[in-house]
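All values reported here derive from a predicted model rather than from experimental measurement.
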Amino acid sequence: MQILDGQTTSQAIKDALKIQVAQLINEGKKVPHLAAVLVGNNGASETYVGAKVKACAEIGFKSTLIRLEDDISENKLLGVIEDLNNNPEVDGILVQLPLPKHISDENVINAISVAKDVDGFHPISIGRLVQGLPSFVPATPHGIMLLLEHYKINTKGMHAVVVGRSNIVGRPMSILLSSNTNPGNCTVTICHSHTRNLKEICLQGDIIVAALGKAEFVTADMVKEGAIIIDVGITPVVDASKKSGFALKGDVKFDEVAPKCSFITPVPKGVGPMTIAALMKNTFKACVENN
Ligand code: GUN
């Protein structure tokens, strides 16, 4: 069993980007600039956005964090996005999800300029991805593909079972794994809360991507010997032995599943850091393409 180390892989990608930014500066070109919009004070969102801003600083990107009150109107938020769309200083825009209930995710995502849509959530970005056209790829599935690539895992012909059908992870993941790319070229089954015989389907997976958001859901009896396990989950679970009072758990019961696998991502330090690395790559791409 080999650990797919998201921490060191992400660091390698960020180090490479750092060199590319230095080259841009040498050539007198614009430095990539990410604008992150955070509405309200959801603790997890604060952590994720904080990590994104920190990664920008580490690489040499500019970043702007726009904090907005929880009760901001949808119209005001759309106005903020419009300003960012029209600001030539800003290359990439992300609005951290989830948004408060009174704001439509759909309206907000649709308002982001496709050229600055570094999250790849805009329907045009997703449509282009589905058609195999160049587009921004949502950061978590993009990061997973980068991790498979980094470890030179040849997925051609494998059966990939994706558990979870969210727009952010499961659905784009299924598109990427089935694409005519390397990694890719998998036969993909996408499972969700209404799937029958989930255990039997998972047992057929050469790759399982667990992205359903339920702590330790995937157990050893659901995994075939030698499978590749990608764990997207990160759920805080009460743990009195930890200083913080909780531990972060993946969607996979790591201790019992790991011995059966060929490769597995840990939680933390697996998919999480790769999401950040992929977002940084998307921001660099936005800058180079728009300037
Ligand atoms: N919420 C959970 N994951 C993400 C992400 O990748 N981007 C944004 N904007 N919000 C998220």
### Summary
Shortest non-hydrogen pair, Ile201 vs Val161, comes out as O-CG2, 3.5 Å
### Task
Sort out for me which residue in Thr64, Thr283, Asp91 forms a side chain to side chain donor-acceptor pair (under 3.5 Å) with His33.
Thr64
## Note on the structure
By side chain to side chain contact (heavy atoms under 4.5 Å, CB included), Val53 pairs with (sequence neighbours left out) Val49, Ser63, Leu65
### Query
For the residue pair Ile207 and Cys186, what are the closest heavy atoms and their distance?
CD1-SG, 4.0 Å
### Message
Would a single hydrophobic cluster contain both Val90 and Val21, if residues Ile, Leu, Val, Met, Phe, Trp and Tyr are joined by side-chain heavy-atom contacts under 4.5 Å?
### Response
yes
### Query
Just by modelled atom types, is the Glu82 backbone N or O under 3.5 Å from a matching donor or acceptor in the Asn86 side chain?
yes
### Query
Is any side-chain heavy atom of Met280 closer than 4.5 Å to a side-chain heavy atom of Cys56?
yes
### Query
To the nearest 0.5 Å, what is the distance between CD1 (Ile264) and CD1 (Ile208)?
9.5 Å
### Close side-chain approach of Ile168 to Phe121, heavy-atom, < 4.5 Å
yes
#### Entry: Within 6.0 Å of NZ in Lys30, more than 12 heavy atoms from elsewhere
yes
Can you give the donor-acceptor pairs under 3.5 Å from side chains of residues 143-156 to other protein atoms, not counting sequence neighbours?
residue: Tyr151; atom: OH; partner: Asp5; partner atom: N; Å: 2.9
residue: Asn154; atom: OD1; partner: Lys156; partner atom: N; Å: 3.1
residue: Thr155; atom: OG1; partner: Gly184; partner atom: N; Å: 2.8
residue: Thr155; atom: OG1; partner: Gly184; partner atom: O; Å: 2.7

### Task
Kindly compute the distance separating SG (Cys202) from CZ (Phe217), expressed to the nearest 0.5 Å.
7.5 Å
### Message
Using the rule that Ile, Leu, Val, Met, Phe, Trp and Tyr join whenever any side-chain heavy atoms are under 4.5 Å apart, tell me whether Leu34 and Ile59 fall into a single cluster.
### Response
yes
### Message
With a 6.0 Å cut-off (strictly less than), is the heavy-atom count around NZ of Lys62, excluding the residue itself, greater than 12?
### Response
no
### Query
If you take all heavy atoms of Ala215 and Asp251, which pair is closest and at what distance?
N-OD1, 4.2 Å
### Non-hydrogen atoms of Gly170 and Ile190 that approach each other most closely
O-CD1, 3.7 Å
### Check: Lys52/Gln96 side-chain N/O donor and acceptor closer than 3.5 Å
yes
### Message
Do Leu279 and Val118 have side chains that approach each other closer than 4.5 Å (heavy atoms only, starting at C-beta)?
### Response
yes
For residues 105-113, which side-chain donor-acceptor pairs fall under 3.5 Å, sequence neighbours excluded?
residue: Asn107; atom: ND2; partner: Glu74; partner atom: OE2; Å: 2.7
residue: Asn110; atom: ND2; partner: Glu106; partner atom: O; Å: 3.4
residue: Ser113; atom: OG; partner: Ala115; partner atom: N; Å: 3.3

### Beyond-backbone contact of Asn75 with Leu78, side-chain heavy atoms, under 4.5 angstrom
yes
### Query
Pairs in or reaching into residues 206-222: which pass side-chain hydrogen bond (donor to acceptor under 3.5 Å, both in side chains), with residues at least two apart or in two chains?
Asp206-Lys224, Thr219-Asp221
### Task
State the CD-CD1 distance between Glu69 and Ile72, to the nearest 0.5 angstrom.
8.5 Å
### Task
Check the side chains of Asn41 and Asp70 for a donor-acceptor pair under 3.5 angstrom, ignoring hydrogens and angles.
no
### Query
With a 4.5 Å heavy-atom cut-off, do Leu38 and Ser45 have their side chains touching?
yes
### Task
Indicate yes or no: does Asp239 engage Lys249 in a salt bridge with an N to O separation below 4.0 Å.
no
### Pair Asp117-Ser125, side-chain donor/acceptor within less than 3.5 Å
yes
Which atom pairs, donor and acceptor, lie under 3.5 Å between side-chain atoms of residues 253-261 and protein residues at least two apart or in another chain?
residue: Glu256; atom: OE2; partner: Ala220; partner atom: N; Å: 2.8
residue: Lys260; atom: NZ; partner: Ala220; partner atom: O; Å: 2.9
residue: Lys260; atom: NZ; partner: Val223; partner atom: O; Å: 2.7

### Message
Working to the nearest 0.5 angstrom, can you tell me the gap between Ile228 CD1 and Ile230 CD1?
### Response
7.0 Å
Please output the side-chain donor-acceptor pairs of residues 128-140 that fall under 3.5 Å, not counting sequence neighbours, one pair per line with the distance.
residue: Arg128; atom: NE; partner: Pro134; partner atom: O; Å: 2.7
residue: Arg128; atom: NH2; partner: Pro134; partner atom: O; Å: 3.2
residue: Thr140; atom: OG1; partner: Thr275; partner atom: OG1; Å: 3.0

### Query
Cut-off 3.5 Å, side chains only: do Glu46 and Asn42 have a donor facing an acceptor?
no
## Note on the structure
Heavy atoms of Leu176 and Thr181 approach each other most closely as O-OG1, 4.0 Å
### Query
Between Cys191 and Leu198, what is the shortest heavy-atom contact and its length?
CB-CD1, 3.5 Å
